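All of these numbers come straight from a predicted model, not from anything done at the bench. Naming: A, B, ... by sequence-line order, numbering from 1 per chain.
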Amino acid sequence: MSLKDKLSELHQRGLAEIQKSSDLKDVNQVRVSLLGKKGPITEVLRGMRDLDAEERPKVGAFANEIRDDLTAALTKRREELENAVLNARLANEKIDVTLPGTPVAKGEPHVIQQIIDQIEDLFLGMGYQVLSGPEVEEDKYNFEMMNLPKNHPARDMQDTFYITKEILMRTQTSPMQARTLEKHDFSQGPLKMISPGVVYRRDTDDPTHSHQFHQVEGLVIDKHVTMADLKGTLQVLAHELFGDKFDVRLRPSYFPFTEPSVEADITCFNCGGKGCGVCKNTGWIEVLGAGMVHPNVLKMAGVDPDVYGGFAFGVGPDRFAMLKYGVDDIRNFYLNDVRFLTQFTKKG
Amino acid sequence: MKISYNWIKEYLDLNVSPADLAEKIERTSVEVDDVVKPSDGLKKIVVGHVLSIEMHPDSDHLHICQVDVGEDEPLQIVCGAPNIDKGQRVIVALPGSRIAGNVKIKKSKMRGVPSAGMICALQEIGFSDDVVPKEYADGIYVLPADATPGDDVYDYLGMNDSLIDLDVTPNRGDMLSLNGTLHDLAAIYDRPVTLDQVDLKEAGHAIEGQLAVHVDADLAPQYRMRLVKQVKLAPSPMWLQVRLWNAGYRPINNVVDITNYIMLKYGQPLHAFDYDKFAGQDVYVRTAKAGEKLTTLDEGEHDLDPQDIVIADDKAPIALAGVMGGLSTAISDETVTVAIESAVFEHDHIRKAAQRHHLHTDASQRFERGVNQAGVQEALDAAAQMMNELAAGEVQLGSVVGSANIPDPAVITITLGHINAVLGTDLDLTKVTHILESLGFDVASEGETLTVTVPVRRNDIHIPADLLEEISRIYGYDELPTTLPTGRMTMGTLTSAQKLMRATRHSLEGLGLNQAISYALTTEDKAKMFLMQDSETTQLAWPMSVDHAVLRMNVVTGLLDDIAYNSARKVKDVALYEQGRVFYREDGTDRPNEQEHIAGAITGTLMPAGWNQPAQEVDFYQIKGIVEAYLKDMAVNGDVTYEANTDMPEMHPGRTADILVHGHRIGFMGQVHPTIAKQFKIGATYVFELNLQAIIDMPKQENQYDVISRYPAITRDIAMLVADDVTNEQIVALIEKRGGAFLQSVKLFDVYDGVKVPKGKKSLAYTLTYQDKNETLVDDAVTQAFEKVEKRLQDDLGAEIR
Ligand SMILES: [Zn+2]
């Protein structure tokens, strides 16, 4: 039997033994017995010294080939066996993935806060400042500078919590507009602001009235601001808060601090504009008031209405939340039932 | 104001449905509350002719009627109305009909007698009690004798009209009348409108010599009267009654109805006095005198205020001017001479009088908003004409006029450029002129400058901005372009305070607290609890309820109210925070300072029990963990320390700590005193409140990279017995101070005060971690440092090392 034949036989026998090995210990023994220093391949190679110088490299190369092949077979077999062991263990570790996850403590922002943040972010992106003023205001800023002198009939529209004759709980966040207008330096650029915050009205709490609620008022004053700009701004706001498929329309209205004054309606949530009980069959729902700032408001704040003008708008986050989520009782926002607070979890 | 579609159509040639008309009004002039067609929902309600009636054999009030309803055979209907009579034309709901409230009428038997339908009262077919004529209030309604049996009743009763309910804004007093509405519609639809002309026939004698008026023109800029003699009081003709009840007024008699009708048509409130009941022939318009009283038409008795404007005769007030007439001179069945008043009263006085006497009438509403001051005489003449035509009255010659101050029309100059610059439009001169003229305004233009003369009836228009509104609404808001403001760029950024407030909310939400928004107005008791500084309360002058009467001076009580609300609804695990203002007021000032606060409250468990973890009741250390993590997020510069506070009356004396930053107290935390918890009806609750403004104002640590050592750390544990009153803070402070250069951290890992510890002592155990940033620490160096710490603990704090 030639050396080569011996090697071939060893090769076949080795492969068979490797395949037979049934655990990692077996594989190791086979490795030592086949490839070890006292193993048959080493033994066979010792016989090489008897070969011709011409034959020697060929047999050597053949022997290396066989050694490599056996080594690879050993590695493969070891991996197979290791995987089998691992798989068996993992099979044992199987759990019921439908069991609930371990609870974590997690708090939610208030739904009205979410709407205010959304409005703030939108207007920040359009270059507005966010300004918040005092909740306890002077009559002067809350009413007089808003073109609502004492005895103005429209004061009845806003029943007010007075503290003294001149001090009151603000009924709107627009006093901050008056305060800002007074101070703004128009040589530094236009005034673009929103003022979010809590406001108070002398109302009895019921499903649609709350003595405390929120407002976000906006104001833009510059040299060339148009009513078309107001319309566009309100449309952007409606699209941001409610979605692109909501249309905005303007209707005439009356506010002492704007002229022209408008109310803005958006497509009814409930029926999508077809007309239903919620929208009194009009297909529209009133969501906010707005208008072009009344020249008297500018004048009183020391701004020249012949040079500057602009628009103002006021939205009610409470009303928005009620419309958007179908909240049927405004008191829910202030009673803080945890089951209510944790309903509005969608982020972004 | 309910305005009749049919009435409008008498003057304007419109080819639009009531719904479309209402929509147009809402889009262009004033809000519309609803559009109602009174006959909607009714079915098979016809005129019946009562052919005969006989008493029901088994009843003392039911009648068995044979009623002709235009069919071959009369119907037999049992009727219980007291005023049913033979020969009447009545409202019959046939079998299978529907009456008000969607009630279906079927054939039935009443006490054994078959009854095929029902004879109806007006209320039963949908009329409000407020408009049903008194004589039919408690019985069936009797239709005019010429009504044809079998006809639908709707046209006889004006029920096929559509009534558009306008919600008129305070500036549009002119829309509180048919004529004002017609003027607006003429512009909206671009149609001409021709209003009725008065054609008055006077007779008898000159009014002078019969009646004199003495007027304070400041109180009544216009005051006019006419005298009508020999009036024949009677119910108004059907058409007039229909107009009135469709507008929401009860028909009373022809004289009173005429005054209401003229108000609806012209917007001018009128009052009719029974002239023969005047004391004397003089009428005065003046303020009330001290002690004067007046009983108004509604039989209300009023103590008059010196600010009230009254109409008085020689003896006493006979009307609360512009609000309501007096009972003593009211029109009655005996009235034969009527004095009609048409006036303008100063609106502020009227508004206050209406408020003072709780008499908000249609007259006062119109005077408050302003009537058409150019039409006062016309309305008076129109009323006199109707009293002549409908009540056969003899209108005496002339009017008496106590004051006649008619304002000049407003003349406003505006340029086309300004109009387009403000509206963002590209209107031309022709268009603008046409819009203004269609509203009945006079326009003179020179180049691009328009000089607009506004009729007196539009008392809401004074300045160019008012004209802009007229132009834009008639042009149509839908037609305006949609753009965004251009001009110089501005930055939109939050201030650092606003950023911190947002970060505060995010931090606390991440720590498991839900944001609450509670009422800032609370009770005096609650306002004063959990005070962080001395302050006076701030009270509302006229609160709606004691529950919301005082401004809060803490945020915690609102959260406790919230927890109570949850607890009452069996929600036991509550974790809330609130960011909001508290209101501190100094003695001697009216206006409080507003301070931003942040507060939290937890009760029950924070981490809810799961199938794999037990519920863990919240405790002091839970709220402290939240506060610590929050303050870490805020990166306040300076040591945060906690000191026991045993003195807050609303807090558990052994489980409350002040929170200090750099030695300054910025808040407190701990367990709510069990007595207070009981008062709020809540369980064990842990709270904190911080002066957020102080946190905003504090210097902050900037984030900075700190090299993480490549060399291994060595830890040593130390356990010790110390006296109960030695605090963790003392121990840690000492270890940190004496721990040597390589001490990186000290971490408490065990506290034990159980049976194995001698009384008065407690056992604490800490892990000390040592590390050198530049090389591997040698054990010896650590041992040396560690032993030094052990010794100091023994010497300084009396610790017994275990
Ligand atoms: Zn709808």
Side-chain angles (χ1 to χ4, degrees), chain A residues 99-100 102-103 105-110 112-113 123-128 130 134-136 151 153-154 161-164 167 189-190 192 202 204 211-212 220 222 224-229 231-233 235 250-254 259-260 280 292 294-295 309 333-339 341-342, chain B residues 26-27 29 169-171 348 351 368 422-424 463 465-466 468-469 472-473 477 480-485 487-492 494 498 505 508-509 512-520 538 540-541 544 548 562 565-566 569 571 574 576 581 583 590-592 594 606-608 610 612-613:
Chain A
L99 287 174
T102 305
K106 183 169 169 294
E108 299 297 339
H110 196 285
I112 288 183
Q113 186 71 55
F123 283 99
L124 285 166
M126 295 195 288
Y128 288 58
V130 179
E135 290 173 27
V136 180
N151 298 327
F161 282 127
Y162 277 93
I163 291 166
T164 67
I167 305 293
K192 290 163 87 177
R202 204 168 174 282
T204 303
H211 73 274
Q212 168 183 308
V220 175
D222 199 359
H224 304 290
V225 183
T226 69
M227 197 150 182
D229 294 338
K231 195 177 163 191
T233 302
Q235 190 160 77
L250 303 181
R251 277 185 295 110
S253 187
Y254 171 69
E259 187 73 33
K280 290 193 205 155
M292 303 307 288
H294 197 289
F333 297 132
Y334 303 101
L335 294 169
N336 301 303
D337 187 319
V338 172
R339 294 165 301 180
L341 295 178
T342 51
Chain B
E26 175 149 89
R27 295 303 311 280
S29 69
T169 46
N171 59 327
D348 218 27
R351 186 169 72 93
E368 282 174 42
V422 175
L423 300 184
I463 59 172
D466 298 329
L468 292 174
E469 176 159 274
S472 54
R473 72 183 179 90
Y477 290 124
L480 288 186
T482 304
T483 53
L484 287 175
R488 282 174 294 174
M489 285 289 284
T490 47
M491 285 290 287
L494 292 175
Q498 287 165 343
R505 298 198 302 264
L508 291 172
E509 283 150 20
L513 308 187
N514 290 298
Q515 184 184 13
I517 302 177
S518 315
Y519 294 119
T538 311
L540 298 183
M544 287 295 277
H548 307 294
D562 300 337
Y565 184 85
N566 278 283
R569 280 152 191 80
V571 180
V574 185
L576 299 173
R581 307 239 178 107
F583 302 83
D590 287 339
R591 196 161 162 213
E594 299 179 25
L606 184 62
M607 206 78 77
N612 59 347
Q613 82 182 14

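- A donor-acceptor pair under 3.5 Å is formed between the side chain of R27(B) and the backbone N or O of L250(A).
- Interface residue P295(A): only side-chain heavy atoms are found under 4.5 Å from chain B.
- Between chain A and the residues T169(B), V574(B), V422(B), L468(B), the most heavy-atom pairs under 4.5 angstrom are made by V422(B).
- K231(A) pairs in a side-chain contact (heavy atoms from CB on, under 4.5 Å) with only one of the listed residues (T482(B), L484(B), T483(B)), which is T482(B).
- Interface residue Q235(A): only side-chain heavy atoms are found under 4.5 Å from chain B.
- P109(A) has its side chain out of reach of R505(B): every pair of non-hydrogen atoms, C-beta onward, lies at least 4.5 Å apart.
- Using a distance-only test at 3.5 Å, with no hydrogens or angles considered, a donor-acceptor pair links the side chain of Q212(A) to the main chain of A520(B).
- Between K192(A) atom NZ and M489(B) atom CE the span is 7.5 Å, to the nearest 0.5 Å.
- Counting heavy atoms from C-beta on, the side chains of N514(B) and T342(A) come closer than 4.5 Å.
- With a 4.5 Å cut-off on non-hydrogen atoms, S472(B) touches chain A through its side chain but not through its backbone.
- The choice from L513(B), L606(B), L423(B) that makes the most heavy-atom pairs within less than 4.5 Å of chain A is L423(B).
- Taking N336(A), T164(A), T226(A), V130(A) one by one and counting their heavy-atom pairs under 4.5 Å with chain B, the maximum is reached by N336(A).
- Between the CZ atom in R202(A) and the CE atom in M544(B) there is a gap of 5.0 Å [rounded to 0.5 Å].
- Counting heavy-atom pairs closer than 4.5 Å to chain B, the top-ranked of the candidates R339(A), K106(A), E108(A) is E108(A).
- For I167(A), the part lying under 4.5 angstrom from a heavy atom of chain B is the side chain only.
- The backbone N or O of Q515(B) lies less than 3.5 Å from no partner atom in the side chain of Q113(A), so there is not a single donor-acceptor pair.
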Please determine whether side chain to side chain contact (heavy atoms under 4.5 Å, CB included) holds for the pair V136(A) and T538(B), giving the CA-CA distance in whole Å, both sets of side-chain angles, and the decisive distance to 0.1 Å.
CA-CA 10 Å; V136(A) 180; T538(B) 311; 5.7 Å; no
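- Remark: the backbone N or O of V338(A) is paired with a side-chain donor or acceptor of N566(B) at under 3.5 angstrom.
- Of the atoms belonging to T204(A), heavy atoms from both backbone and side chain fall under 4.5 Å from chain B.
- Ranked by heavy-atom pairs under 4.5 Å with chain B, the first of R251(A), M292(A), K280(A) is R251(A).
- Considering only heavy-atom pairs separated by less than 4.5 Å from chain B, the leading option among V220(A), V225(A), I163(A) is I163(A).
- Both the backbone and the side chain of D337(A) come within contact range of chain B, judged by heavy atoms closer than 4.5 Å.
- Highest contact tally toward chain A, considering only D562(B), L540(B), I517(B), I463(B), is held by I517(B) [criterion: heavy-atom pairs under 4.5 Å].
- In this structure, NE2 on H211(A) lies 6.0 Å from OH on Y519(B), to the nearest 0.5 angstrom.
- Residue N171(B) touches chain A through both its backbone and its side chain, counting heavy-atom pairs closer than 4.5 Å.
- Residue with the most contacts toward chain A among R591(B), M491(B), R473(B): R591(B) (heavy-atom pairs, distance under 4.5 Å).
- For E26(B), the parts lying near chain A are the backbone and the side chain together; criterion is any non-hydrogen pair under 4.5 Å.
- With a 4.5 Å cut-off on non-hydrogen atoms, Y565(B) touches chain A through its side chain but not through its backbone.
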Verify side chain to side chain donor-acceptor pair (under 3.5 Å) between T102(A) and N612(B), making sure each step is shown before the conclusion.
CA-CA 7 Å; T102(A) 305; N612(B) 59 347; 2.8 Å; yes
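- When all heavy atoms of Y254(A) and P170(B) are compared, the pair lying nearest together is CD2-CD, 3.5 Å.
- For chain B, the nearby part of F333(A) is the backbone; its heavy atoms alone come within less than 4.5 Å.
- Contact of D348(B) with chain A is made through the side chain alone, with heavy-atom distances under 4.5 Å.
- Note that CD of E509(B) and NE2 of H110(A) are 11.0 Å apart. Values are rounded to the nearest 0.5 Å.
- Listed options G232(A), G125(A), A228(A) were ranked by heavy-atom pairs under 4.5 angstrom with chain B; first place goes to A228(A).
- Taking every heavy atom of both residues into account, P252(A) and Y477(B) meet most closely at N-CE1, 3.7 Å.
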